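Note sheet for the following structure.
Below, all heavy atoms of this structure are taken into account, side chains as well, without hydrogens, waters or symmetry copies. This is a predicted model, so every value here is computed, not measured. Per chain, numbering begins at 1; letters A, B, ... match sequence-line order.
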Amino acid sequence: MAKAARASADAVIRVRDLTVGFGDHTVLKEADLDVYRGEILGFVGGSGSGKSVMLRTIIGLLPKRAGKIEVFGTDLSAVEEEERQAIERRWGVLFQNGALFSSLTVLENLQFPVREYLDLSQRLLDELAMAKLEMVGLGPDVGYKYPSELSGGMTKRVALARALALDPEIVFLDEPTSGLDPIGAGDFDNLISTLQRTLGLTVFMVTHDLDSLHTVCDRIAVLVDGKVIEQGPMETMLASQHPWLKSYFHGKRSRVNEKRRGG
Amino acid sequence: MSETELLKSTTDGERLMLAAAGAWTAEHARELEPLIDEQSRQRRAIRRVDIDMGAVEKLDTFGAWLLERLVRAWKGRGIDAKVVRLSDDYRVLVDEVRGVNLKGEPPPAMPPFEMAMASIGRATAEIGHACLAMAHMLGAVTAALARVTVKPAAFRLTSMVHHLDDVGWRAVPIVLLITFLIGCIIAQQGIFHFRKFGADIFVVDMVGILVLREIGVLIVCVMVAGRSGSAYTAELGAMKMREEIDALRTMGFDPIEVLVLPRVIALIIAVPVLTFIGSMAALYGGGLVAWLYGGIDPDIFLSRLKEAISIEHFKVGLIKAPFMALVIGVVACVQGLEVKGSAESLGQQTTASVVQSIFLVIVLDGIFAMFFASIGM
């Protein structure tokens, strides 16, 4: 597969011995993680296990206690503010609840990061925002609405379009399909994988959705007790003997048993 | 990379050849856009256009869209534009962009004059709406009060005490300070100007009557509207945004009874108390300045005060206080429940809450002035 070929050995995100905590509670304990160029990585773990903490630490919203985070081969704690901003421009983030600016219209939300960083004509800004909107599967009429007028699925799509506004190389998705119905979630999964192929993105996706893991993720990383205990494709996960992984992937809600019976 | 020419054109008879190079990305979109527009405005007789993308190192959505814009501009003139030597890596993206923005222009905005008229109309309708909403809230609060009177167990005493602490007890220091200063200023101004007529002593009459009848209650109400009214609006607004009020309703609670009534009653209790405290502080401040600045001995000040004011003046101030508290509370709660989903609307309603309640407090004060004058108080 072309996708697998592109996912060569170069890791765009390399996390080593990352320790993060609040007060005397340590959430991540010397966790290691690699995300390779051009792949969709699903990041799983129990509720409250620190998946979002990992994501927020990588993008710099939470301070780390120890360890090293390299993005595009650059150690983020060692760089100047300016270089850091240049790197931040190369990633986009989809927050769990969208985090759209409620006082701006959808179109203005999409144009906001572009307007800040690039000096483009209003016509081009409008056309690009409309193009992005259409690429995430929404009609032009949505552009003039305010975030409070959108449904949950539309909010996620607009938030994804905003994360993609500057054509980033990496997108971080925090539970992109949570709160969507199975059909909507499936559509969103397809959208992510289409956009990933079209734009050559690297996707880091925190998720709980077993369907997403099965259908779109190239690799899966598992966080248990503050450590990444397993990284690899679905087959590795299914073959693992770790008790948490067994109950996660072979539990009542998994599709594995059904599939085996069916085919 | 910026040295490489992003778009170069050569003509061969009726054939225009455009050679793209370099990075067609967001960083270069600004330079690229005029180049694209210049090419699509070419006026020469051209039958065919070839766009050679072979030398493009990088292409993102920005570049792909500009390429598409160029192609569409030629197509619009009936000339076939072909994209050649496009790298396979970017073909998917270019194909994807080919399908977008075909639905035509967005609906045209309203002409400025009509927009201005529309906004005047909307503002007028909003005034009517605000009056209705207030009447509705007043009715709902009265109904809730009636229900609680019949069934006192339903009254949220804890909540009311909590709000009383917030809007009453915690407001005492600032109310003391402000009214004290206002008392000082009135006395100082009075002495300064009355002295010209040798009427220093009448400053006591002025301070006494002004503070007890008007200034005490007005200053306190302005303070309370800014301090507690805005807090009520913001609290209720945030609850509305987070669907907490809907949650209450689905559990069978009446938000008016649970949220609004305790707040309004807390204000109705707190404002008269604060008015009393504030009036005393203002009299104290006035007396102090009269003594230190005007040389009026405290004993003389007090005996003069006894002659100048009667219990009527004191009553006039205090009778007004609970009504003004009701107005502030009702306006604040109405505005809080009007908050829509956005952060901006929370700000707008909080502003409206403070402005409307101060305005209505002053209007009410005027009405009371006429009322008391006609009954001779």
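Checked against side-chain hydrogen bond (donor to acceptor under 3.5 Å, both in side chains), B:R85 has the following partners two or more places apart in sequence or in another chain: B:D52.
Shown here is B:E243, whose CD atom has no more than 12 heavy atoms of other residues, nucleotides or ligands within 6.0 Å. Residue A:Q122 places its CD atom among more than 12 non-hydrogen atoms of other residues, nucleotides or ligands, all under 6.0 Å distant. The local environment of CZ in B:R30 is sparse, with at most 12 non-hydrogen atoms from other residues, nucleotides or ligands closer than 6.0 Å.
Each of A:D119, A:L120, A:L164, A:L166 has some count of heavy-atom pairs under 4.5 Å with chain B, and the biggest count is that of A:D119. Heavy-atom pairs under 4.5 Å with chain A were tallied for B:M241, B:E96, B:E33, B:K340; the largest tally goes to B:E33.
Panel note: side chain A:D167, backbone B:T61; a donor-acceptor pair is recorded below 3.5 Å.
Atom CG of B:D60 is separated from atom CG of A:L199 by 8.5 Å, given to the nearest 0.5 angstrom. Atom CH2 of B:W65 sits about 11.5 Å away from atom CE of A:M135, to the nearest 0.5 Å.
The contact between B:L66 and chain A is made entirely by side chain atoms (from C-beta outward), counting heavy-atom distances below 4.5 Å. For A:A165, the part lying under 4.5 angstrom from a heavy atom of chain B is the backbone only.
Under the 4.5 Å side-chain criterion, counting only non-hydrogen atoms from C-beta, B:D37 is in contact with A:R123. Within the 4.5 Å cutoff, side-chain heavy atoms of A:V114 are placed close to those of B:F62. Between A:L124 and B:R69 the shortest side-chain heavy-atom distance falls below 4.5 Å.
Between the side chains of A:S102 and B:E344, no donor-acceptor pair of N or O atoms lies under 3.5 Å.
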Run the numbers on A:R89 and B:E27 for salt bridge (charged side-chain N to carboxylate O under 4.0 Å, His left out), then give the verdict. CA-CA 11 Å; A:R89 250 184 74 179; B:E27 283 78 18; 2.7 Å; yes
